[in-house]
Amino acid sequence: MPLLNSFHLRDAMNFARLLALGVYLIAVCSGAPADLSDDETQAKQWLKEYNKRASEIYYSRSVAAWNWNTNITDYNQNISVQVSLESSKFTQMAAENASKFNWQNFHDEDVKRQFNMVTDLETSALDKSKLERLNNVQAELKKIYSSGEVCNITGHGCLQMEPGLTALMANSRNYDELVAGWKGWRNATGKQMKDLYAEFVELRNEGSKISGRYNDTADSWISSYESDTFEKDLIELLVQLQPLYNELHTYVRSKLQEVYKDHKFPATGHIPAHLLGNMWSQTWDNILDIVQPFKNKTSVDVTSALKEQNYTVHRMFKTAEDFFVSLGLKPMPETFWNNSMFERPPDRKVVCHASAWDFLNGKDFRIKMCTSVNMEDLITIHHEMGHIQYYLQYKDKPLLFKGGANPVDIFEDQSLTDHVSFNIQRFVEGFHEAVGDVMALSVATPKHLHKIGLLDKVEDDNENVINFLMSQALSKIAFLPFGYLMDQWRWSVFRGETPKDKYNTKWWELRCKFQGISPPVERTEEDFDPGAKYHIPGNTPYIRYFVSYVIQFQFHKALCKAAGHSGPLHGCDIYNSTAAGKLLGDMLKMGKSKPWPEAMKAITKQSKMDVSAILEYFAPLIEWLKEQNKGQRSGWTDSCPNPVSGKLTDEESAWSYVNEYNTMVQDVNAKQGEIDWSYATNITDYNQEVSVNYSVTVANFEKEAYRNASMYDWKNFKNETLKRLFKKITDIGTSALEDKEKLHDLSNVVANMETIYSKANVCLSDGNCHQIEPGLTRLLTSSGNTSEHYHLLAEAWQKWRDNTGKNMKADYQKMVQISNEAISVLGYNNTGDYWRSGYETSTFRQDLENLLQELSPLYENLHAYVRRKLKQRYGSQYFPQSGHIPAHLFGNMWAQQWNNIYDILIPFEGKAGIDVTPVLKQQNKTALDLFKIAEEFFVSLGLKKMPETFWNKSMITKPTDGREVVCHASAWDFYNQKDFRIKMCTDINMEDLITIHHEMGHVQYYLQYKDLPVPFRRGANSGFHEAVGDVLALSVSTPKHLNKIGLLDKLDNDLEADLNFLMSMALDKIAFLPFGYLIDQWRWSVFSGETTPDEYNQKWWDLRCKFQGISPPVKRSKDDFDPGAKYHIPANVPYIRYFVSFVIQFQFHEALCEAAGHREPLYQCDIYQSKEAGKLLGDMLRLGSSKPWQEAMKQITGQRAMSAKSLMKYFEPLTKWLTEQNAGGEDIGWGEECPDPVSVETDINKAMKWLEQYNTKAQIEYNKATIADWNYAANITDLNQQKQLEAKDVFAQFQQEMAKEASEFDWKTFPADMERQFSKISDIGTSALSDKSKLREMNKAQSDIEGIYGKGTVCMSEGKCLSLEPDLLELIATSRNYTELLTAWKGWRDNTGKEMKTQYARFVQLSNEGVQELGKIIVTGGRVGVVCIFNSVLIIDSVPLDSLVLSVVG
């Protein structure tokens, strides 16, 4: 333990006398001129005398500072303050005398440089009282810091920074414990010193300004770097290093999230500041155990080796000294070993912060450090000894040149005021730090640690290299932003940019922005977190460390080259290289006698700071990190998140983000629109690939937007509009999927399905081939009442499904899987859950069901009427008894709307029809004409015309150049506020005229809300967009409107004409409702997993049969995928919007008609030319989705809920008429279950061929079943029983399939022998049981009965047990012993019949269920009328179930 220097009051008085003498000598002995002098010789003599006296004075001052740092007492503080005050007098007098020389005009640059330093007074120019206060304030700041301790951590007592808190932060992995340590330290230090620090800033700035050289202390500190571009250079260096830091940050964050997975990390990308193994998150090497890339490899932490080899603190220092001596540099002097403080004294408080001291007398150099035996401190010792080596090399320089080539505080721990008179007293430099660290770059290498016996072996494989570089990066790279921002904060404080009431806010702004860390608990302006870092109360400039961390790698590269190193830079160790030592020593000897660029050039041949060496050093790690971080989110927000929510709360910042997002999303959507348009209007593999690839780009953009928006605590924003914008930005659907490959797959499968759909071509037995538009659509609408026409429609219906849905089932299954996975990222249970969320109604599903029930009576009456008419058309033999209508007879491929069979259903044929198709053709209307008619409708309402781009870019007819296109009509918004289009393969007919108005309704919606933020450029809900198009069609399709625009000659204003019109509307609107409802009911069940892929088609037809009352015209199986035959399924377009639309459009219609002043029946209303109606509609359209749909609904209708009242009001006359028409006729309604398709096959030749195939199959199946029965009967074992049961299952399945196939023939009309065969095949007995588990149970019961019977024995006496054959049968036949016969008779029944009664009862029950399914109802009450034994059926008189006995039929 080195002795403390004795420095008492007597010494202070002696120091004062020495100081007075020094001032006198400078003023007198040196011959300071009375007036301004140009005499350089005299000036040099003055400097010589100054250096001698200043060395003595500053030695004494250093001793006083050392005593206080190594023994923190009020007494030592007072002594040190007094000594500093007295030395300031010397500084002032020296500056005053130096100013009497005209030194600015001297020729000797060294002399000029020294005079510049001497005359730079800084705080020494303050008057005595202020200087004393400054010194006391700084002393108090240091005292608060050094005395700080935390006593609120459970199980730890009271901890000071060293070693307690340092060890806690380094080693604990308890999240809450780390929070307690982190917060407790800041409460104990920084929070206690904020007011003092503000006072210190004021006094410090005043001192800097006195000389007139500086505007503030920041200006003073920066000036010492002698570079006009210093601040600009720093940020450029940081920017160049940022990608490396970002990669490290991303990797470390992901690893910490694995360890602290129960704790929420900020969504902003920040890392909670207490988790990085260091109280200030400045270096992260203490969490190497968490982030080490290859944990099975040898660690470069030699702490355990140090302890195993019984290293002492003294030996660690000697090891460091050996390193310098090996380079040909100087050993530590005797005073170093005698006077340094290497360990924490047990008897007093000290400043433990490691530091190297130059006492400025050319012989006294010391280190102050509370050393522990570990690798970290071994490296620190080399670093601090690097400072000492620098001191030793320049010790013979003039006092003013004793410092590094660029500035850092020389009295870091040596004085209570850092700025006395000279730059040398103010600064040492970043070079000083770099020299210490460049040694550590060699010392930390596995190669060096092996050389000095602390590492057994050096493993140079890639994994070990990455491990080593990771440990280095956690120290070096992790530090860079922290090293940069510390003085950014201080400079802003000194400059007045950050006032006292923003100290902590600014601190965290910088830390969050540059480091990507955030506070783990809430911070306020009552806190002063900068003060929890030593260099703030110690007033030690910090940018030196950032500079050092850059230039040390430049030094290292130069020294390695001098040492003759070859290989990667990170592997270099200059140990034992005197050549490297000489290069370094030559630069160190310069001190600060030259500007730092010259010193830099002397060692590196460069005169600028440069990051190339550091990037070269870490190159392998950079590439490794990039690979590890693939798929990980990199970066963080500039702003700090809320510590509780982990998100940003600043609404002003949020608005800025929304504006930025809006600009970007417009561009992204516009490009996507063009790409998708190209594909939809020219289906090629190339365009599909481009579309798929860009969809992934869009998804990535949306994902990034989602992440960015999710960083804000938007759910708690006060501004409702802002909150709603963020909700929509984060509503990104499947784009949320992180796995890019799966996202690409999702786009691909959807594109594949769309291509299958759009390219599908159906070739029919009449020799014609058709696509859906216009060929198949025209065929399905064509008239005919023959069997041939019926079957041609059925053929088209089936082949469309064979060529579309059936070919995409696997793709659809994959789409469901990926879509659900993606949606789960957003917190939804499945895709259906996500789709429904857009309606912002918790009761949405129930609301839909209620609407459907409200509408059902009208639909059921319409269905009954249509069924009757179609039966009359095609014959009742084609219609199932269940009440369903074959799905191919409605004039529409999907039976969704029935208006194409209006000619069959028209109530009053004598009345003029409202289908204006013939008129359109007579008037030679073109597709363009139809579009112009639609535009004129909107303009008449005072709404907007279509823009020029619409007419130039839309596709309104199917191209004739051979291109494949998606003909499905659609409206497009290109999101650039000027480009809107429609894509449609227009036919000249009334249906397409209505469709054009519908699609142009969408475009009108786009035009009205185009100036809203992009997230609001949608309908109030999806159904609104559809309803807007349709509500206009309600006017357009009225006879009144068609007459107005010259497409209908006359108006029949009577009830019959009205009913004809309403019938046409009902076939479009009412017929659609169950279909519009069930599509997404099916999808939701698929997305939820309720319906499995094997059940896709069954569920589809279950819903269609139940809700629509239609059934498939041909047999469907699980291999079919009929949902895929409807465009919206492969295109993955939600469909419930259409159901919603078909309800609310009538609410809109009634409201608009009222605005238009319409007073007649609702179905007669035409809002054409009503500006009032147009304004009401336009006002709602302009809202987009900026408000919940209920508010938009209220704006136009005065209501907030969906209601079917307006729809029922519209169709009221038709409802009444249909009810009358159906009275006394067929039953209204249908069975819920699907019937088998009616397929009347009378071809005897086909039947005979089928029987031949049946007999071939049956022989094989009967043979298998018989062999299994034989094996069991001949050898009753569990194994044979199992095989018998399996054979029975297979045989029953065979019987069921054959019976079903046989039922497709009208075999009762066949010749007797064929009829008998078909009857036998159809009569499958108990095999008709459809429940497979019950069928297995029945067969098991039957088999068990056989087993009991077959194994039955009777024991006549002990050891004499007889089986039935031949023993018991022979005994019964030959014995005449009454008792023996009774024993045999009773024993046989006890051991067989009695044992099987329970199984038999269950067998009977299940057997009857099977026969019942076959259509034979034979069980009544508690009696049975059929006994099935061994697959034979015997009809007997019914008997009570509890009286059943087994009869053996011999």
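Just so we're clear, the structure is a prediction, and the values are computed from it rather than from any experiment.
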Query - E162/R344 salt bridge by N-O under 4.0 Å criterion - result: no

Query - Flag side-chain contact, heavy atom, 4.5 Å: T166 against M161 - result: yes

Query raised in the report: Taking the inter-plane angle between the rings of H387 and Y391 on a 0 to 90° scale, is it parallel (under 30°), tilted (30 to 60°) or perpendicular (over 60°)?
Result: parallel

**Report entry** Side-chain heavy-atom pair Q77, E140 within 4.5 angstrom cut-off
**Finding:** yes

Requested in this report: For K447 and G571, indicate whether the former's side chain and the latter's backbone hold a donor-acceptor pair under 3.5 Å.
Outcome: yes

Report task. Using a cut-off of 6.0 Å, state whether more than 12 heavy atoms not belonging to K561 lie near its atom NZ. Result -> no

Query - Non-hydrogen side-chain atoms of P333 and L392 separated by less than 4.5 Å - result: yes

Report summary line: So the disulfide bond (SG atoms under 2.5 Å apart) pairs with at least one residue in residues 532-563 (sequence neighbours excluded) are C560-C572

Requested in this report: Check whether any side-chain N or O of T604 sits under 3.5 Å from a backbone N or O of F555 as a donor-acceptor pair, and report yes or no.
Outcome: no

Query raised in the report: Can you list every pair that meets disulfide bond (SG atoms under 2.5 Å apart) and has a residue in residues 587-616, with sequence neighbours left out?
Result: none

Query raised in the report: Would you say D285's side chain and S475's backbone share a donor-acceptor pair under 3.5 angstrom?
Result: no

**Report entry** Whether W280 side chain and A532 backbone form a donor-acceptor pair below 3.5 Å
**Finding:** yes

Requested in this report: For Q472 and H570, indicate whether the former's side chain and the latter's backbone hold a donor-acceptor pair under 3.5 Å.
Outcome: no

**Report entry** Sidechain-backbone polar pair: K368 side chain, W357 backbone, donor-acceptor under 3.5 Å
**Finding:** no

Report task. Report yes if the side chains of F359 and N339 come closer than 4.5 Å at any heavy-atom pair, otherwise no. Result -> no

Report task. Would you sort out whether F336 and F342 count as a ring pair (Phe, Tyr, Trp, His ring centres under 6.0 Å), showing the intermediate values? Result -> CA-CA 10 Å; F336 174 83; F342 294 155; 5.7 Å; yes

Query raised in the report: Would you say the side chain of F200 lies within less than 4.5 Å of the side chain of Q138, judging by non-hydrogen atoms?
Result: yes

Report task. Take Q160 and K349 through the test side chain to side chain donor-acceptor pair (under 3.5 Å) and record every step on the way to the result. Result -> CA-CA 10 Å; Q160 292 185 316; K349 290 184 177 181; over 6 Å; no

Query raised in the report: Would you find a donor on one side and an acceptor on the other, under 3.5 Å apart, between the side chain of Y617 and the backbone of L469?
Result: no

Query raised in the report: Quick one: do the T73 and N71 side chains pair a donor with an acceptor below 3.5 Å?
Result: no

Query - Donor-acceptor pair between H353 and Y145 side chains, under 3.5 angstrom - result: no

Report task. Check the angle between the aromatic planes of Y575 and F323 and answer parallel, tilted or perpendicular using the 30° and 60° thresholds. Result -> parallel

Query raised in the report: Distance-only, no hydrogens or angles: does the E384 side chain make a donor-acceptor pair with backbone N or O of T380 under 3.5 Å?
Result: no

Query raised in the report: Counting N and O atoms only, with roles assigned by atom type, does the side chain of N286 sit under 3.5 Å from a partner on the main chain of N278, one being a donor and the other an acceptor?
Result: no

Query raised in the report: Which is it for R490 and Y542 under the side-chain contact (heavy atoms from CB on, under 4.5 Å) test, yes or no, and what are the steps along the way?
Result: CA-CA 9 Å; R490 267 195 293 212; Y542 209 78; 3.6 Å; yes

Query raised in the report: Are any of the side-chain heavy atoms of E321 and I388 separated by less than 4.5 Å?
Result: no

Query raised in the report: Is it the case that T217 and S208 place a side-chain donor and acceptor less than 3.5 Å from each other?
Result: yes

Query - pair K476-I614: side-chain heavy atoms closer than 4.5 Å - result: no

Requested in this report: Flag the pair K395 / K330 as yes when at least one side-chain heavy-atom distance between them is below 4.5 Å, and no otherwise.
Outcome: yes

Requested in this report: Provide the closest heavy-atom pair for V550 versus D610 in the form atom of the first, atom of the second, distance.
Outcome: CG1-O, 3.5 Å

Report task. Show your reasoning for whether side-chain contact (heavy atoms from CB on, under 4.5 Å) applies to Y245 and L238. Result -> CA-CA 9 Å; Y245 180 79; L238 188 69; over 6 Å; no

**Report entry** Derivation and outcome, side-chain contact (heavy atoms from CB on, under 4.5 Å), residues F365 and M332
**Finding:** CA-CA 8 Å; F365 310 96; M332 298 297 101; over 6 Å; no

Query raised in the report: Just checking, K318 and W337: is the charged tip under 6.0 Å from the six-membered ring centre and within 45° of the axis?
Result: yes

Query raised in the report: Please walk me through it: do L454 and L378 pass side-chain contact (heavy atoms from CB on, under 4.5 Å)?
Result: CA-CA 11 Å; L454 291 175; L378 179 66; 4.0 Å; yes

Query raised in the report: Run the ring pair (Phe, Tyr, Trp, His ring centres under 6.0 Å) check on Y394 and Y390 step by step: do they pass?
Result: CA-CA 6 Å; Y394 62 53; Y390 216 155; 5.3 Å; yes

